[in-house]
> 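Got a structure for you, questions after.
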Protein chains: 2
Amino acid sequence: MAEVTRRERLRAATELEIRQHAHRLLVQQGQDAVTLRAIARELGITAPALYRYYGSREDLLRRLGKDICTDLATELDGKLDSVGSDDHLTKVFTVCRGFRQWALAHPREFALVFASPTGEIGGDEQIRQDEFGSVFLGILGPLMAEGASLASSEQAPADIGPELATNQEALASAFSHEGIEMPPEALGPDAVHSLLRWWARLYGHVALEVFGRFPFDIRKADRLFESILSELAHEAGLGES
Amino acid sequence: MAEVTRRERLRAATELEIRQHAHRLLVQQGQDAVTLRAIARELGITAPALYRYYGSREDLLRRLGKDICTDLATELDGKLDSVGSDDHLTKVFTVCRGFRQWALAHPREFALVFASPTGEIGGDEQIRQDEFGSVFLGILGPLMAEGASLASSEQAPADIGPELATNQEALASAFSHEGIEMPPEALGPDAVHSLLRWWARLYGHVALEVFGRFPFDIRKADRLFESILSELAHEAGLGES
DNA sequence: TGAACTAAGTAAACGCCGTTCACACCGTAC
DNA sequence: GTACGGTGTGAACGGCGTTTACTTAGTTCA
């Protein structure tokens, strides 16, 4: 009956507990406080025991990042459901606002996942979507598939076409790798261009706001953020909401 | 004659050497390799001696960040001189391209200065322009003062006016704190809005590119970056270069 | 010139850290 | 019941930031 043995249950429970304590340490005291010894201390075991679960501290942090991404994606999906609108623009806005809201509420998680210089710089040639833009892709992808109207009006500059065409393949394979079916007609250069623009602006604003790195102290960036959304919508040929 | 004593000369030399070795370690091996002991080792002294120069490792890294910002600002100013054009748009483009180029060539420095979660999150109320947007302000400020035409065409959304008005004061004081004289007419809500937009997009694109965090692998982001510049210029009411 | 003072550097130590290794333990499987 | 493999331990290594007491050497001033 029990396909899972006692040991497997215990192992799963311990692994979960490790990640929970690691996450708590991250939230409460920041990335540097997520030490193997601290986690082990809270679990009532010794540090070397953690090596039965993760190859290194780096490994654990990577896994933690993935978990956080999953949480974020789940939260954004939830908001998308709860808003319950079929309007394309409303959905996109919901995701963008949700992302900003999440980042402001979880600055340390955001820093770990979205601003860690861990990724090797001149890195590998293959697609690197590990624990980052996959969230963006996973949410925006279906939206793009649903309404290819995104980027229907403002077309990408003519001379950028070939450049984006190659990216088009990479994007398609990234989507399929994520298990998302994308109709080819939704992946024209314009769509790719638009997607990149959304992501860069959204990320830029949110990162600057979370890190308090605007050139001066912005008291409330809500308005600025909304104006950015309006701009994007306008440029994408979607009516103002 | 020698107002500076022998000790002062030695001290200054040692301090310089410390920063040089720290910088080298950062460039070659990353932030984590910038340890007090490693620096001391290379200097042929012991680690505690460094405490005669810096209060802590954190202090040293902060100072290093400031140095890097100075270098960056100098480099951008140099490019601005060497391009030798009076065209406003050309100057702005030069700065933006220079910033991207610098970031790609100095990823570790970029990460230290522009993507370190060091800044306390919910931080202090005062202006925080420490070692970050000051570069942007310092370069773009004079450009804004010179040609208030920036943001002359595309006006900020009407409802964002009051919001930006308060930022206007903060921006003015930030400029004066940087020793930059800004004519008040160059600091209207539109200008502030435009400045923030430039900074957020520039930062967003560059950070994503440096960290390789676009949702998929962008082979050459040159074209995309240029299209972003074109967009910004277009929106700011400046003709294409 | 020589004595008082000050700043730079040292050695030792404390308490962290990640990681490795030999070893004990116990659930599992034959 | 015995052999095996996964789980946790304890000790240890080397490295880290930082503190403290101490030596050494440059400066200052009578």
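Proteins get letters first, then strands, A, B, ... in listed order; numbering begins at 1 in each. For the numbers below, each heavy atom of this structure counts, side chains included, while hydrogens, waters and symmetry mates do not.
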> Name all residues meeting the side chain to side chain donor-acceptor pair (under 3.5 Å) criterion together with A/Asp59; count only those two or more places apart in sequence or in a different chain, and write none if there are none.
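With neighbours one apart ignored, the set is A/Arg62.
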> Hey, could you give me the CG/CZ distance between A/Leu232 and A/Arg201, rounded to the nearest 0.5 Å?
4.5 Å
> Are A/Glu15 and A/Arg63 side-chain neighbours, meaning at least one heavy-atom pair lies under 4.5 Å?
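Yes, at least one pair of side-chain atoms sits under 4.5 Å.
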> Could you work out how much the helix from C/dT1-D/dA30 to C/dC30-D/dG1 bends, comparing the axis of its first five pairs with that of its last five, to 10°?
0°
> Listed by chain and number, what are the side chain to side chain contact (heavy atoms under 4.5 Å, CB included) partners of A/Ala49, not counting sequence neighbours?
A/Ile45, A/Thr46
> Mark yes or no: A/Arg213 above the aromatic ring of B/Tyr203, with NZ or CZ under 6.0 Å from the six-membered ring centre and no more than 45 degrees from the axis.
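That pair does not qualify as a cation-pi contact.
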> Tell me which of A/Arg6 and A/Gly55 sits closer to the 5' end of DNA chain C, going by the nucleotide each one is nearest to.
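Closest to the 5' end, via its nearest nucleotide, is A/Gly55.
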> For residues 18-26 of chain A, dump all side-chain donor-acceptor pairs below 3.5 Å to protein atoms at least two apart in sequence or in another chain.
unit_1: A/Arg19; atom_1: NE; unit_2: A/Asp67; atom_2: OD2; d: 2.4
unit_1: A/His21; atom_1: ND1; unit_2: A/Glu17; atom_2: O; d: 3.1
unit_1: A/His23; atom_1: NE2; unit_2: A/Glu109; atom_2: OE2; d: 3.3
unit_1: A/Arg24; atom_1: NH1; unit_2: A/Gln28; atom_2: OE1; d: 2.8
unit_1: A/Arg24; atom_1: NH2; unit_2: A/Glu42; atom_2: OE1; d: 2.5
unit_1: A/Arg24; atom_1: NH2; unit_2: A/Glu42; atom_2: OE2; d: 2.8

> Rounded to whole angstrom units, what separation is found between the OH atom of B/Tyr54 and the C1' atom of D/dT18?
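To the nearest whole Å, that distance equals 18 Å.
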> Under 4.0 Å from any atom of DNA chain D, heavy atoms only: list the residues of residues 7-25 of chain A that qualify, in numerical order.
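Of all residues in residues 7-25 of chain A, the ones placing a heavy atom under 4.0 Å from DNA chain D are A/Arg7, A/Arg11.
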> Can you list everything that forms a salt bridge (charged side-chain N to carboxylate O under 4.0 Å, His left out) with A/Glu75? Sequence neighbours excluded, please.
none
> Using modelled atom types and a 3.5 Å cut-off, is there a donor and acceptor pairing between side-chain atoms of A/Arg57 and backbone atoms of A/Val34?
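Answer holds: yes.
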> Are A/Trp102 and A/Asp71 side-chain neighbours, meaning at least one heavy-atom pair lies under 4.5 Å?
no
> Step by step, would you call A/Asp222 with A/Arg100 a salt bridge (charged side-chain N to carboxylate O under 4.0 Å, His left out)?
CA-CA 10 Å; A/Asp222 297 28; A/Arg100 169 172 176 257; 2.9 Å; yes
> From OH of B/Tyr51 over to P of D/dT18, roughly how many Å is that when rounded to an integer?
3 Å
> Anything under 4.0 Å to a heavy atom of chain A counts; send over the first and last such nucleotide of DNA chain C, read 5' to 3'.
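Range of nucleotides within reach of chain A: C/dC17 to C/dT28.
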> Between P on D/dG15 and CZ on B/Arg41, what's the gap in Å once rounded to a whole number?
7 Å
> Show the distances under 3.5 angstrom between N or O atoms of the protein and N or O atoms of nucleotides 9-13 of chain D.
unit_1: D/dT9; atom_1: OP2; unit_2: A/Thr46; atom_2: N; d: 2.8
unit_1: D/dT9; atom_1: OP2; unit_2: A/Thr46; atom_2: OG1; d: 2.8
unit_1: D/dA12; atom_1: N6; unit_2: A/Arg37; atom_2: NH2; d: 3.4

> With sequence neighbours left out, write down each residue that passes ring-ring contact (aromatic ring centres under 6.0 Å, His included) with B/Tyr54, or none if nothing qualifies.
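Expected list: none.
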> For the rings on B/Phe114 and B/Phe99, is their centre-to-centre separation under 6.0 Å?
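When the ring centroids of B/Phe114 and B/Phe99 are compared, they turn out to be within the sub-6.0 Å range.
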> Please collect all salt bridge (charged side-chain N to carboxylate O under 4.0 Å, His left out) contacts where either partner lies in residues 28-37 of chain B, sequence neighbours excluded, each pair once.
none
